[in-house]
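A short worksheet on the structure shown next.
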Number of protein chains: 2
Amino acid sequence: MSESAERDARHKARMARKKALIDEKIAQAQDEYGLLLVHTGNGKGKSSSAFGMVARALGHGMKVGVVQFIKGAASTGEEKFFRRFPEEVSYHVMGEGYTWDTQDRQRDIDKAVAAWAMAKQLLNDPSIGLVVLDELNIALKHNYLDLDSVLADIGGRPELQHVVATGRGAPPALIEAADTVTEMGMVKHAFKSGVKAQAGVEF
Amino acid sequence: MSESAERDARHKARMARKKALIDEKIAQAQDEYGLLLVHTGNGKGKSSSAFGMVARALGHGMKVGVVQFIKGAASTGEEKFFRRFPEEVSYHVMGEGYTWDTQDRQRDIDKAVAAWAMAKQLLNDPSIGLVVLDELNIALKHNYLDLDSVLADIGGRPELQHVVATGRGAPPALIEAADTVTEMGMVKHAFKSGVKAQAGVEF
């Protein structure tokens, strides 16, 4: 056998073993219910990954609810885009800015409480397949919301509804309650090396 | 001063210092050019974050190109959704499946080479603001493509075009070339604990 044929044969054998393992795992995984996902960590992609899930859910014909707990100064591309589909996406920007921009703790708390009231409506609506709670973790980290009530409201949602909560510093109890948790770690960041935040990438 | 007024005052002082630091960093970051982003790691969110960037870019009126180097058996929600906008999104699914599904190395290589030819067209088109190279990292990891040529083609793209490459096992030279790299780390995964992959979340 030539060297490349040998390599191809080894590749095939390795991949056959891998396929058997993966097929077995998939066969074992049969439960279907609404998942709670948490995206946390200091790297990029926590919110954009949630908005990718919105696109995915819309592709599958689901309705989606979005509550943004923190709004930056710039209007975001995702907001502009998903507002094109008012029948399919219920989009709510409830926060005013990062807490170091607003500088007023009581005002931040009031905004977070109002945002949670909106989130609760979405979490009570079985016609909504996915609820995005963007930057919820920040509001929890600063104790703007009561963690136990938030967990109870999420836990009481319709059986097949998915929820994704984003933001740095997700509290341990939220991670404990979640089905899937991803820690976005920053390996390298253009912004740190003097590059301006840019439309389409950062907002 | 009451205890809560004191806490509010401390919060305000801390946030004022934080705002000054962040404003200074933003003022220093003035360069504007197309970024190369890499999403890698074993956690969820690598592709969905790229698709969130697609939504963001469309919200800012950009045109977007997508090449998927690996296609799972199930048709994906993001494909169904973004194909609704043929004027704005040039969407190409070029791969056939994970390599453990196809079991044929030469066939995988041929598909990857064809996918790269399509990617090159997008990387030569200055009207496209964002190019998504979904699962490119896997094709590179398996040496289906010549890494140096890939890096040269990416490096030669139009000045303001952003590129995002996703997939586990991004090679060190790609990470070196990137402006922003996020490692999606798996903290917890529902699939591992026996939950079926679900529409809107996993695909």
Side-chain angles (χ1 to χ4, degrees), chain A residues 8 11-12 15-16 18-19 22 28-32 35 39 43-45 47-53 55-60 62 76-82 99-101 103 105-106 129-130 162 175 178-191 194-196 198-201, chain B residues 8 11-12 15-16 18-19 22 28-32 35 39 43-45 47-53 55-60 62 76-82 99-101 103 105-106 129-130 162 175 178-191 194-196 198-201:
Chain A
D8 285 358
H11 174 85
K12 197 163 175 170
M15 289 301 141
K18 189 159 184 175
K19 181 170 164 59
I22 288 174
Q28 282 168 0
Q30 291 304 342
D31 296 344
E32 190 159 359
L35 300 176
H39 299 168
K44 278 185 56 60
S47 295
S48 53
S49 173
F51 288 106
M53 286 176 57
R56 220 165 246 187
L58 293 174
H60 288 294
M62 295 180 188
T76 61
E78 60 269 26
E79 182 185 351
K80 274 191 210 152
F81 181 65
F82 288 118
T99 191
W100 55 85
D101 282 324
Q103 309 253 342
R105 184 175 158 84
Q106 189 54 51
L130 170 67
H162 303 300
I175 288 176
D179 299 286
T180 298
V181 178
T182 306
E183 169 99 16
M184 275 73 172
M186 190 197 299
V187 177
K188 213 174 177 184
H189 197 314
F191 181 65
V195 178
K196 199 173 161 187
Q198 280 171 84
V201 175
Chain B
D8 285 359
H11 174 85
K12 196 163 179 170
M15 289 302 140
K18 188 158 184 177
K19 181 171 167 55
I22 288 174
Q28 283 168 0
Q30 290 306 339
D31 296 344
E32 189 159 359
L35 301 176
H39 298 167
K44 278 186 55 60
S47 294
S48 54
S49 173
F51 289 106
M53 286 175 58
R56 223 166 241 186
L58 294 174
H60 288 295
M62 293 178 188
T76 62
E78 59 268 27
E79 182 185 351
K80 273 191 212 155
F81 181 66
F82 287 117
T99 190
W100 54 85
D101 282 324
Q103 311 253 343
R105 185 176 157 85
Q106 191 51 52
L130 171 68
H162 303 300
I175 288 176
D179 299 287
T180 298
V181 179
T182 306
E183 168 99 16
M184 273 72 171
M186 190 197 298
V187 178
K188 214 177 179 182
H189 197 315
F191 181 65
V195 177
K196 199 174 162 186
Q198 281 170 84
V201 175

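Lettering follows sequence order; numbering is per chain, from 1.
Ranked by heavy-atom pairs shorter than 4.5 Å toward chain A, the options B:A50, B:G129, B:A178 are led by B:A178. Ranking B:L58, B:I175, B:L130 against chain A, the residue ahead of the rest is B:L58, based on heavy-atom pairs under 4.5 Å.
The part of A:H162 that comes within reach of chain B is its side chain, from C-beta onward, which places non-hydrogen atoms under 4.5 angstrom from that chain.
Annotation: side-chain contact (heavy atoms from CB on, under 4.5 Å) contacts of A:S48 (sequence neighbours excluded): B:S49, B:M53, B:R56.
Summarising the geometry of A:T182 relative to B:V187, their closest heavy-atom pair is C-CG2, 4.5 Å, with the distance given to 0.1 Å.
In this structure the side chain of B:M184 never reaches within 4.5 angstrom of the side chain of B:K44, judged on heavy atoms.
Note: A:F82 and B:F81 have parallel aromatic rings, judged against thresholds of 30 and 60 degrees for the angle between ring planes.
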